[in-house]
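Just so it is clear, the model here is predicted, and its values are computed rather than measured.
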Amino acid sequence: MGWSSTMGKIRTKLQYVCSATRLFGPRMGMTSLMHHLAHRNIGAYYAKLVEASWKRFMKDIPFDADALATMPVTNDGPIWVM
């Protein structure tokens, strides 16, 4: 592995940590840093990431269960991908 490849991997890891910090705050940034440095507790890290993403982006989206019940059987509603 060459020097530029190693620097590219470090740069990518730092981008992940900076994104987590910017989007979800310093606690999630530190969790991301610990995960990317130690490569441990991947399940806990991604569980926290999913929970933080839900709270930040999707929690406040209005949802009408009654309207969903009147829709036809085929799934023609929105699809959420994460």
Side-chain angles (χ1 to χ4, degrees):
M1 184 173 354
W3 176 254
S4 63
S5 175
T6 302
M7 291 306 293
K9 288 182 180 183
I10 291 171
R11 186 176 303 116
T12 301
K13 302 284 184 185
L14 285 174
Q15 287 173 346
Y16 291 150
V17 171
C18 290
S19 293
T21 303
R22 183 173 34 85
L23 290 172
F24 306 118
R27 177 173 283 175
M28 191 62 197
M30 289 304 293
T31 303
S32 175
L33 178 65
M34 289 297 128
H35 164 67
H36 288 293
L37 286 178
H39 301 285
R40 295 199 175 130
N41 295 330
I42 190 167
Y45 168 67
Y46 281 108
K48 289 179 183 178
L49 187 62
V50 167
E51 182 65 27
S53 297
W54 170 260
K55 287 179 181 176
R56 170 90 175 178
F57 300 114
M58 296 182 64
K59 183 179 175 186
D60 296 328
I61 295 175
F63 176 74
D64 186 6
D66 295 331
L68 187 62
T70 62
M71 291 179 71
V73 176
T74 55
N75 186 5
D76 57 356
I79 298 173
W80 300 104
V81 178
M82 178 156 171

Evaluate the side chain to side chain contact (heavy atoms under 4.5 Å, CB included) criterion for residues Met7 and Ser4: first the C-alpha distance (whole Å), next the side-chain angles of each, then the deciding distance (0.1 Å), finally the verdict.
-> CA-CA 5 Å; Met7 291 306 293; Ser4 63; 5.6 Å; no
Under 3.5 Å, is there a donor-acceptor pair between the side chain of Thr21 and the main chain of Val17?
->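 Flag set: sc Thr21 to bb Val17 pair under 3.5 Å.
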Assigning hydrophobic clusters by single linkage (Ile, Leu, Val, Met, Phe, Trp, Tyr; side-chain heavy-atom cutoff under 4.5 Å), is [X] placed with [Y]?
| X | Y | value |
| --- | --- | --- |
| Met58 | Phe24 | yes |
| Trp3 | Leu14 | yes |
| Tyr16 | Met34 | no |
| Tyr46 | Trp54 | yes |
| Leu37 | Ile42 | no |

Exceeds 12 heavy-atom contacts within 6.0 angstrom, atom CZ of Phe57 |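 Yes, the 6.0 Å shell around CZ holds more than 12 heavy atoms from other groups.
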Might you point out which heavy atoms bring Thr31 and Lys48 nearest each other, and give the distance in Å?
->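 Reported closest heavy-atom pair: CG2-CD, 4.0 Å.
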How would you list, by chain and number, every residue that makes a ring-ring contact (aromatic ring centres under 6.0 Å, His included) with Tyr45, sequence neighbours excluded?
->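 In terms of ring-ring contact (aromatic ring centres under 6.0 Å, His included), with neighbours along the sequence ignored, Tyr45 is linked to His35, His36.
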Any chance you could measure Lys59, atom NZ, to Glu51, atom CD, to the nearest 0.5 Å?
->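 Going from NZ on Lys59 over to CD on Glu51, the span is 8.5 Å.
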